[in-house]
Amino acid sequence: LAIAATIDFRLVLRPEIVLFAAMAATICTLEAFLRSADRRVLVALPLLSATLANLHPSAIFLLALAGCHAVHLWLQNRRGDARALAVAAAAMAAAACLNPHGIHQLILPFLFALDTQLMARVVEFETVIHSPALPAYLVLLAATLPALFLRETRRTVDLLLVALFADRK
């Protein structure tokens, strides 16, 4: 809900909304795995990746979420769980290629990012700093950072996720 406040000007019926739902479901799945170490929950990840890849070219973001959680597990000396998650991430990448455009759909965000003219002209790629969402984004960021540092236990994955998705421009 807090994230929705920063993107309300973009919340219209678009396939991109599926990305937000897929990211939330992926994070819930990954957090369940962190808590339980039950590898059966990882089966959901390739399914989410394949579904998203058939609706929006952003499955690579789900892989980034899995990567942040795998690094966290590795740093927590849960090496077996980190390897299991790496295998699930590989399955996610393969599943994301099960769409009419194949691997091109998976790498499309990178191709967009390399096209400076496209990035400058498409409002979807506009940085939050130059958008109407800036005040809400700053409030969300101001609430997120203290929450991360005031937690009883600090988690690497939380810092990685903030760093990964923070606006850099």
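Source: prediction; values computed, not measured.
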To the nearest 0.5 Å, atom NE2 of His72 lies from atom CG of Asp158 at 7.5 Å

Heavy atoms of Ala37 and Asp81 approach each other most closely as CB-OD2, 3.6 Å

Ile60 and Pro109 have their tightest heavy-atom pair at CG2-CG, 3.8 Å

Tested for side chain to side chain contact (heavy atoms under 4.5 Å, CB included) against Gln105, the lone hit among Cys97, Pro57, Ser58 is Pro57

_Could you see if Leu114 belongs to whatever hydrophobic cluster contains Leu108? Use Ile, Leu, Val, Met, Phe, Trp, Tyr and a side-chain cutoff under 4.5 Å._
no

Same apolar cluster (I L V M F W Y, side chains within < 4.5 Å links), Leu159/Leu75 = no

Correct closest heavy-atom pair for Arg155 and Leu34 would be NH1-CD1, 3.8 Å

Quick check on the hydrophobic clustering: are Trp74 and Leu42 connected, directly or via other members, by side-chain heavy-atom contacts under 4.5 Å? no

So do the side chains of Leu118 and Leu111 get within less than 4.5 Å of each other, counting heavy atoms only? no

Just wondering, are more than 12 heavy atoms of other shown residues or ligands nearer than 6.0 Å to CD1 in Ile103? no

Heavy atoms of Ala66 and Met92 approach each other most closely as CB-SD, 4.0 Å

Rounded to the nearest 0.5 angstrom, the OG1-CG distance for Thr26 and Leu48 is 4.5 Å

> Between Leu98 and Leu47, is there a shared hydrophobic cluster once you connect ILVMFWY residues whose side-chain heavy atoms come closer than 4.5 Å?
Replying inline: no

Apply side chain to side chain contact (heavy atoms under 4.5 Å, CB included) to residues Leu161 and His69 and explain how you reach the verdict.
CA-CA 9 Å; Leu161 290 172; His69 283 77; 4.0 Å; yes

Nearest heavy-atom contact between Val157 and Glu31 is CG1-OE2, 4.5 Å

Rounding to 0.5 Å, atoms CZ (Phe33) and CZ (Arg40) come to a distance of 12.0 Å

Next item on the list: State yes or no: do Leu45 and Val71 share one hydrophobic cluster built from I, L, V, M, F, W and Y residues joined by side-chain heavy-atom distances below 4.5 Å, directly or via other members?
Entry: no

Rounded to the nearest 0.5 angstrom, the CG-CG distance for Leu65 and Leu160 is 11.0 Å

Separation between CG (Leu106) and CG (Asn99), nearest 0.5 Å, reads 8.5 Å

Heavy atoms of Pro46 and Ala88 approach each other most closely as CG-O, 4.3 Å

N/O donor-acceptor pair under 3.5 Å between Asn54 side chain and Ala50 backbone:
yes

So SG of Cys68 and CG of Leu73: to nearest 0.5 Å the spacing works out to 11.5 Å

